[in-house]
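As C-alpha cells, the structure follows; a few thoughts come after it.
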Amino acid sequence: MNALHELKEKFRPIISTYVESDAGQIDVMLGMIRPAGDPKHGDFQANFAMPLGKRAGKPPRDVAQTIVDQADLSAICQNVEIAGPGFINLKLDDDWIKQNLKAALADEKLAVASVAAPRNYIVDYSSPNVAKPMHVGHIRSTVIGDALTRVLNFVGHQAKSDNHLGDWGTQFGMILYGYKHFRDQATFDADPIAELSRLYRLVRKLIDYHGSKAKLPELKSALAELETQLADLKKQQSGTEEKAALKKIKKEVSQVGKRVTDAKEKLEKATTSISSVEGGELAPVAAEHPDIGTAVLLETSKLHAGDTENRDLWTEFLPVCKQDMQTIYDRLSVAFDMELGESFYNDMLGTIVDELEAKGYARQSDGAMCVFLDDFETPMIVRKKDGAFLYSTTDLATIKYRMENFDADACLYVVDHRQHEHFEKLFAVAKMWGYDEAELKHVSFGTVMGKDGKPFQTRSGDTVGLAGLLNEAEKRAGEIAKELNEGISADQLAENARVVGIGSLKYADLSQNRSSDYTFDYEKMLALKGNTAAYLQYGYARVQGILRKVEVDPVPLRSQPVDFEFATDVERALAVQLLRFEEALSDVLIDYKPNLLCNYLFDLGQTFFKFYDQCSLKDTESETLKSSRVQLCDLTARTIKTGLSLLNIGVLDKM
RNA sequence: GCCCCGGUAGCUCAGCUGGAUAGAGCAACUGACUUCUAAUCAGUAGGUCGCAGGUUCGAAUCCUGCUCGGGGUGCCA
C-alpha cells in the first residue's frame, strides 16, 4: 500500500490534460505531491497548481480548485483544502486508513506491493583485498550493499550479491615474497593467518622504507623550492599596493602555502617511515633486500603467468585469508550469493583486450593498450606496457560475465567515491562495447575520515581494526544490558550485546547519507541513545512487553481484526506513519539510499513512543479500543522488525 | 592546471528532482521512574544554511562568481 502512489494516480488523468502529451512533465507535476511538511496541513500536499497556473496564465488558486473539483478523491481523502498561493492540502480519510491497516495486519509483508517491473540486479559490495587486514572503512560498503540487496529483494526484484574479492593483486606478491624470505614456519603452522598478516605488514614496511629513502632527496628539494617560491611571493606581496595585483598575489601565496604544507606532510611521512626502520632491528633486513619493491612485482607477475610455485602457494594462502574474513562476515551476519574475485576472471582478460583492439576501441599508446574516451583527458588503460592487466580489465570482464550469465538489468557497485572517475570510464567503455541496456551504477559513498580531517590511514599508523571495533560495540551494549537486567543469564546477555551492539554499529553507518564523508567517532559509532538501532530495538521490545502485560494475543487479530479506533490524534498519526512503509522503501531505491529507511524507522519510533506515553493499553475504556491499540502495537513492532531486518539488524523481545 | 564531492546549531549529521515557521541526535539546562521496561518521554536554549550576485510568486535546495576543505587526475585497487 502506498498512499502517495494512489494519490498520484488519481491526479494523473487530470494533470495530463494540462500538460498535454508531455509525459515527462506529468511525472514532474505528480512529483510535486509529497508528504505534508507540517501535520496541520494534512497528510499530503500537492504543489503543482502554482506552475500549472503560470503555464495556463490563470491564478493558481483557481487552477487548484478546478483540479480538485475534477479529481475523485472521496475514497482516499476526507478533507481537501486549498491554501496560500495554491497549495492543495490532502488529509487521508480515516476509513481508508483503517481499511489499509487491516490489509497490512493480515499480510506477512505488511501489504508492501511488489514492483510492477522486477529486474535482475547484481550488487557488488564489500570487495576487500584479501590478505590485507580489514579495517573500519570496509564496513561501509558491506552494510550499505547488504541493505540494498535486501530491500531490492523485499520489493520483488531479483538481487544477487557478489563479493568481488581483491584476490589477485600486488598484495599477494608481497605475501609471496614475505613467505619466501621471512616466514617463521612454526608460527605459520600454528596460526597461518597471524603469520601471513605479519608478513604482509613487514613487506609493506620495507617497501615503504626503500621507497621513501629513494624519494627523500626529491621531496626535500621540492619543499625547498616551494619555500623559496613562497618567500619570493611574500616579498612581492609586501611591495605591491595596487589592488588587483595584490589580490592575485595573495591567491598565489595561499596556493603555494598549501603546496608547502602538502610537501611537508609528505616529507614527514617519508622520514617517519625511514626512522621506523633505521637504527632498529629491521635495519639489516632492509639492507639485505634493497630491491624488494620490484621483486614483489615480479612475484605478482609470476603468479599471473602461471608459475607453479607461486600458484601453489596462492592456492594454499587464499582459503586461509578467506577464512579470516569470514569470521568478520559471520559476526556481521553477512553472506554473499557469490564470491567471484578478480582471480576468477583472469583467463578472460587476454581475449577481452584482443576484442577491444580488434573492434578498434583500444589502441597502443606509450606501450600500453588504452581505450581513449571523448569526455576524459586520460584513457582507460586495459593492459600495461609490461603486459599485465589492471582492475579496469577485470571490471570489464566482470560486466561481460554478469550480462551473459545472469542477464543482469542492473549492476550496483557499492564502492568508495574516490573511484568515481574509474567507474565513469568503465561504464563509458562498457556502453561502447555493446553493454548499453543495463543500468550500471556506482553507488558511491564517502570516505571515513580521521579526527584530523584526513582519510583514514590504511597502510601504516593506527587503523581501527574491524574485529576490535566489533568487540567494543558488543562490550558496551553488554554493560548496559547487564545494568538494566538483573539476573539476566549469560547466554541472553551475550545475545543481547551482539544484537544491540552490532546492530547499532551498522545503523550508525546506514543512517548517514552514503555520499557524505564522515568523521570516524568511536562514541558515535557505538552510541546506544538517540537515533540508533538500540532506540528502534527498544521500541520493539516495549511492544513485546505491552503484549505480555495485557495478555492479548495479537496473532488472531491479524486475520480477524476489530475495527481500528482513533481515540487520540497520536493513534491516527501512528497509523498514517505505519502506512508509509512502502513509500519509504521505494524512496530508498530511487537513489539507493538506505538512510531514508533509517529516517523512516526513526520517525516511526518517535511516533510510537509518543503513543506509548499517551495511550495506555492496560486501562482502556473499552475492549475494542484495547484491541485496536494492540493491533497498532503489533503493526508497529512488525514494521520495525521488518525494516531492521532489511538493514540486517535484529530485534529482541526484551532489553 | 583540469575534473568530481562537500561547507547547515558548540559537536556529528538529516533535509537538496525549489514550497508554508530550516530539523534530528549528542553535549548543556529544567522536569518525569510506588505507573504497559527511564537504552524512554516532555520541555528550554542554541542558526546571517561558507560569501556575493542571479533565476522565481517562492531558494538551504537551481545558475554564476568567489572562498575554504576533501578526493581524483596513464600503466595500484
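Only this structure's heavy atoms are used, side chains among them; waters, hydrogens and symmetry mates stay out. In the text below, chain A, chain B and the rest are named by the order of the sequence lines, each starting its count at 1.
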Give me the distance, rounded to whole Å, that separates B:G70 from B:C26 when you measure between the C1' atoms they each carry. 25 Å
Could you work out which one of B:A77, B:A14, B:U37 sits closest to the side chain of A:N595? B:A14
B:A38 phosphate, OP1 or OP2, under 4.0 Å from A:R542 side-chain N/O: yes
Is there ring stacking between A:F87 and B:G19, where the centres must be under 5.5 angstrom apart and the planes under 30 degrees? no
Could you tell me the separation between the CD atom of A:Q364 and the P atom of B:G74, rounded to a whole number of Å? 19 Å
If you check every side-chain atom of A:D613, which of B:C41, B:U40, B:G74 has the closest atom? B:C41
Return yes if the base of B:A20 and the side-chain atoms of A:N89 contain a donor-acceptor N/O pair under 3.5 Å, otherwise no. yes
A:Y518 side chain N/O closer than 4.0 Å to the phosphate oxygens (OP1, OP2) of B:C5? no
Determine the Euclidean distance between corresponding C1' atoms of B:G25 and B:C41; express it in Å to zero decimal places. 15 Å
Got a donor-acceptor contact below 3.5 angstrom from the A:N47 side chain to the A:F87 backbone? no
Would you indicate which nucleotide in B:U37, B:C76, B:U73 comes nearest to any side-chain atom of A:L390? B:C76
Would you say the ring centers of A:F427 and A:Y413 fall short of 6.0 Å from each other? yes
Any base atoms under 4.0 Å from A:A527, or only sugar-phosphate, or nothing? Heavy atoms, all strands. nothing
Ranking B:C13, B:A24, B:A77 by distance to the side chain of A:E342, first place goes to B:A77
Heavy atoms from C-beta onward define the side chain here; which of B:C41, B:U37, B:G74 lies closest to that of A:M655? B:U37
A:Y535 side-chain N/O to B:C26 phosphate OP1/OP2 under 4.0 Å: no
Side chain A:T607, main chain A:L574, donor-acceptor under 3.5 Å: no
Those residues that, when tested against A:I480, pass side chain to side chain contact (heavy atoms under 4.5 Å, CB included) (two or more places apart): A:L484, A:L528
For the side chain of A:H417 and the backbone of A:F445, is there at least one donor-acceptor N/O pair under 3.5 Å apart? yes
Separation of the C1' atoms in B:G74 and B:C3, to the nearest angstrom: 16 Å
What is the separation between atom CZ on A:R629 and atom C1' on B:C36, rounded to the nearest whole Å? 12 Å
To the nearest Å, how far apart are A:D395 CG and B:A77 C1'? 9 Å
How far does the C1' atom of B:U12 sit from the matching atom of B:A27, given to the nearest Å? 11 Å
Interatomic distance at C1', B:G46 relative to B:U30, whole Å: 15 Å
Candidates B:A14, B:U40, B:G19 - which lies nearest the side chain of A:S516: B:A14
Quick one: is A:Y538 getting a side-chain N or O under 4.0 Å of the B:A39 phosphate, OP1 or OP2? yes
Quick one: do A:E523 and A:R476 make a salt bridge, cutoff under 4.0 Å? yes
Check whether any side-chain nitrogen or oxygen of A:Q614 sits under 4.0 Å from OP1 or OP2 of B:A42, and answer yes or no. no
If I pick the C1' atom on B:A24 and the same atom on B:A14, what distance separates them, to the nearest angstrom? 7 Å
Closer than 4.0 angstrom, basic N to acidic O: yes or no for A:D208 and A:K215? no
Begin from the C-alpha positions of A:K441 and A:D591 and carry the test salt bridge (Lys or Arg N to Asp or Glu O under 4.0 Å) through to its verdict. CA-CA 10 Å; A:K441 167 92 179 169; A:D591 200 26; 3.1 Å; yes
Backbone of A:I488 reached by a side-chain donor or acceptor of A:Q492 within 3.5 Å: no
Tell me whether A:H41 is stacked on the nucleobase of B:A20, counting only the six-membered base ring and applying the 5.5 Å and 30° thresholds. yes
In terms of side-chain heavy atoms of A:K384, which of B:A20, B:G15, B:C76 is nearest? B:C76
Counting side-chain heavy atoms from C-beta on, which of B:G25, B:C13, B:A77 comes nearest to A:F602? B:G25
Under 3.5 Å, side chain of A:R140 to main-chain N/O of A:G446, donor-acceptor pair present? yes
Please tell me if A:R383 has a side-chain N or O lying less than 4.0 Å from either OP1 or OP2 of B:C75. no
Whether the side chain of A:T532 and the base of B:G25 hold a donor-acceptor pair under 3.5 Å is what I'd like checked. no
Can you figure out which of B:C41, B:A39, B:G15 approaches the side chain of A:L596 most closely? B:G15
For A:Y600 and B:A24, give me the distance from atom OH to atom C1', rounded to whole Å. 18 Å
For A:K549 and B:C36, is the shortest distance between a side-chain N/O and OP1 or OP2 below 4.0 Å? no
Is A:F376 touching bases, backbone alone, or none of the nucleic acid, heavy atoms closer than 4.0 Å? nothing
I'd like the C1' distance from B:U55 over to B:C62, given in whole Å. 8 Å
Using atom CD of A:Q512 as one end and atom P of B:U8 as the other, report the distance to the nearest whole Å. 13 Å
Dot-bracket for RNA chain B: what is it, with Watson-Crick or G-U pairs under 3.5 Å, [ ] where a pair crosses earlier ones, and | for a pair to another strand? (((((((..((((.....[...)))).(((((.......))))).....(((((..]....))))))))))))....
Could you tell me how far B:G69 sits from B:C29 if I compare only their P atoms? Round to whole Å. 35 Å
Return the nearest nucleotide to the side chain of A:D366; candidates are B:C75, B:G19, B:A77. B:C75
